[in-house]
2 protein chains.
Amino acid sequence: MSTSTDTLNIPGLRMTKQRKEVYRVLTETRDHPTAADVYDRVKLSTPGISLATVYNCLETLVEHKAVKQVNFERESSRYCPNLNEHGHFHDEITGTIHDIKFKDGIKLSDFLDIPEDTHITNLDITLRGILPKN
Amino acid sequence: MSTSTDTLNIPGLRMTKQRKEVYRVLTETRDHPTAADVYDRVKLSTPGISLATVYNCLETLVEHKAVKQVNFERESSRYCPNLNEHGHFHDEITGTIHDIKFKDGIKLSDFLDIPEDTHITNLDITLRGILPKN
DNA sequence: AGCCTTATTTAGAATAATTCTAAGTCTTAA
DNA sequence: TTAAGACTTAGAATTATTCTAAATAAGGCT
């Protein structure tokens with residue numbers, strides 16, 4: 001899990017302590033927190049931070065593709081530092097959210113009925129369910 | 001496209017004129033309208049209807065699986081009378097939303113890295129992109 | 001180091017979609 | 001035909017998020 005000392009550097013962006021802390025919190029516990037969750041966690045190290053700043057930082061990180069924004073139905077957005085293309089599984093027993101890897105070598109057009117050379121700019125796959133033998 | 005005279009009958013539910021109209025509007029133009037869109041359309045035939053009722057009717061139809069609720073990021077929910085399992089493609093050029101069929105005979109575990117016998121209760125696949133030669 | 005320009009942060013107000021509330025109306029079954 | 005419950009309604013309330021305007025902080029330049 002915790003390997004690289006995730007120090008973020010985005011060219012052209014000031015890496016303020018707020019941005020660093022928001023990003024650190026996201027990489028520290030990869031449980032897909034909401035903005036409010038991030039706010040609570042960042043306040044521990046940066047008590048003066050405001051919720052608006054957390055929203056701003058998250059938005060900036062998402063825009064610069066340092067973080068992914070994940071939506072489940074109409075719930076609050078959640079944030080995820082896993083930049084690999086992946087889906088999400090919401091475990092209905094534990095309430096936890098897991099990243100799901102795509103099987104190697106599959107293309108969307110292998111399982112979806114779309115023209116072969118459609119240019120996909122965004123893909124969301126989210127499942128909800130119950131794991132076996134739970 | 002328009003084959004069956006989609007008259008809805010859900011056992012145990014009163015098919016009020018509001019519910020009928022909301023459902024009719026959804027089947028009439030399958031363009032994934034929002035609740036506000038549905039409201040505007042239903043008002044033409046049922047001027048006295050309230051937005052709250054449209055929300056109530058949509059919720060009831062979704063609960064009884066007569067209609068699917070579709071979410072794109074944090075936009076307003078959209079509604080879809082196609083009950084087959086399918087995904088959605090948001091065409092960035094035209095702004096339209098198309099249903100996407102899954103290829104025959106594929107299982108989720110063919111392309112997603114999940115335990116074979118996971119019980120999936122809900123699946124959302126939404127893509128955004130640009131169709132070829134557009 | 002000190003200054004300038006601009007980016008960023010902040011608190012609080014504003015917004016937008018949706019849900020809730022409480023009262024009124026309609027249905028249905030007896 | 002009437003009581004009970006289901007449904008609808010208008011408007012208030014809620015909630016997540018965005019906006020606003022003022023204050024602060026960062027970097028670059030001298």
Side-chain angles (χ1 to χ4, degrees), chain A residues 7-26 32-64 66-80 90 97 126, chain B residues 8-26 32-64 66-80 97 126:
Chain A
T7 307
L8 187 63
N9 183 20
I10 301 172
L13 260 201
R14 290 184 186 167
M15 282 316 289
T16 63
K17 67 174 183 307
Q18 291 87 344
R19 284 176 180 163
K20 274 191 272 217
E21 280 303 285
V22 165
Y23 185 69
R24 187 187 57 73
V25 152
L26 288 177
H32 304 85
T34 63
D37 294 335
V38 172
Y39 179 49
D40 290 342
R41 295 175 194 179
V42 171
K43 267 193 298 189
L44 300 174
S45 58
T46 311
I49 199 169
S50 82
L51 179 56
T53 299
V54 171
Y55 273 105
N56 290 342
C57 292
L58 290 169
E59 182 183 36
T60 301
L61 293 173
V62 169
E63 278 170 355
H64 289 79
V67 152
K68 290 195 175 186
Q69 183 169 5
V70 183
N71 298 294
F72 285 86
E73 262 109 75
R74 304 214 84 260
E75 295 170 12
S76 302
S77 288
R78 296 173 175 278
Y79 298 87
C80 171
H90 187 123
I97 294 164
T126 65
Chain B
L8 187 62
N9 183 19
I10 300 172
L13 258 201
R14 291 185 185 166
M15 281 317 288
T16 62
K17 67 175 183 308
Q18 290 89 344
R19 285 177 181 164
K20 274 190 271 214
E21 282 302 286
V22 165
Y23 185 69
R24 186 187 58 71
V25 153
L26 288 177
H32 305 83
T34 63
D37 295 334
V38 171
Y39 179 50
D40 290 341
R41 295 175 194 180
V42 170
K43 270 193 295 192
L44 300 175
S45 58
T46 310
I49 200 169
S50 80
L51 179 57
T53 298
V54 171
Y55 273 105
N56 290 341
C57 292
L58 290 170
E59 181 183 36
T60 301
L61 293 172
V62 169
E63 278 170 356
H64 289 79
V67 152
K68 289 194 177 187
Q69 184 169 3
V70 183
N71 298 295
F72 286 85
E73 261 109 73
R74 304 214 85 258
E75 296 171 10
S76 302
S77 287
R78 295 173 176 277
Y79 298 87
C80 171
I97 293 163
T126 66

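The sequence lines fix the lettering, A, B, ..., with proteins before strands; numbering per chain opens at 1. Computed over heavy atoms, backbone and side chain alike; hydrogens, waters and symmetry mates excluded.
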To the side chain of [X], which of [options] is closest?
{"X": "Cys57(A)", "options": "dG27(D), dC7(D), dT9(C)", "result": "dT9(C)"}
{"X": "Gln18(A)", "options": "dT9(C), dT9(D), dT17(D)", "result": "dT9(C)"}
{"X": "Arg19(A)", "options": "dA17(C), dT17(D), dT9(C)", "result": "dT9(C)"}
{"X": "Tyr55(A)", "options": "dT8(D), dT17(D), dT18(C)", "result": "dT17(D)"}
{"X": "Leu13(B)", "options": "dC7(D), dT9(D), dA7(C)", "result": "dC7(D)"}
{"X": "Ile49(B)", "options": "dT10(C), dT9(C), dT9(D)", "result": "dT9(D)"}

Just the rounded figure in Å: distance from [atom2] of [N] to [atom1] of [X].
{"X": "Leu58(B)", "N": "dC7(D)", "atom1": "CG", "atom2": "P", "result": "15 Å"}
{"X": "Asn56(B)", "N": "dA10(D)", "atom1": "CG", "atom2": "P", "result": "12 Å"}
{"X": "Glu63(B)", "N": "dC7(D)", "atom1": "CD", "atom2": "C1'", "result": "14 Å"}
{"X": "Lys17(A)", "N": "dT9(C)", "atom1": "NZ", "atom2": "P", "result": "9 Å"}
{"X": "Asp37(B)", "N": "dT18(C)", "atom1": "CG", "atom2": "P", "result": "11 Å"}
{"X": "Met15(B)", "N": "dT27(C)", "atom1": "CE", "atom2": "P", "result": "13 Å"}
{"X": "Tyr39(A)", "N": "dT17(D)", "atom1": "OH", "atom2": "P", "result": "15 Å"}
{"X": "Leu51(A)", "N": "dT15(D)", "atom1": "CG", "atom2": "P", "result": "14 Å"}

* Asked: Considering heavy-atom distances to DNA chain C, does Ser76(B) or Ala52(B) have its closest nucleotide positioned more toward the 5' end?
  -> Ser76(B)

Report yes or no: does [X] contribute a side-chain atom to a donor-acceptor pair with the main-chain N or O of [Y] at less than 3.5 Å?
{"X": "Arg74(A)", "Y": "Glu75(B)", "value": "yes"}
{"X": "Thr46(A)", "Y": "Lys43(A)", "value": "no"}
{"X": "Arg19(B)", "Y": "Arg14(B)", "value": "yes"}

* To do: For dA16(D), take OP1 and OP2 only and decide whether either is under 4.0 Å from a side-chain N or O of Arg74(A).
  => no

* To do: Report yes if at least one side-chain N or O of Ser77(B) is closer than 4.0 Å to OP1 or OP2 of dT18(C); otherwise report no.
  => yes

* Is it true that the side chains of Asn56(B) and Thr53(B) contain a donor and an acceptor less than 3.5 Å apart? -> no

* Please figure out whether Ala36(A) or Gly12(B) has its closest DNA chain D nucleotide nearer the 5' end. => Gly12(B)

* **Thr46(B) or Arg14(A), whichever maps to the more 5' nucleotide of DNA chain D** => Thr46(B)

* Asked: Going by heavy atoms in the side chains, are Arg78(A) and Asp37(A) under 4.5 Å from each other?
  -> yes

* Asked: If you look at every strand shown and take non-hydrogen atoms under 4.0 Å, does Thr53(A) touch a base, only sugar-phosphate, or nothing?
  -> base

* Pick base, sugar-phosphate or nothing for Thr34(B), based on heavy-atom distances below 4.0 Å to the nucleic acid. => nothing

* Atom CG of Leu61(A) and atom CG of Leu26(A): how far apart are they, to the nearest 0.5 Å? -> 7.0 Å

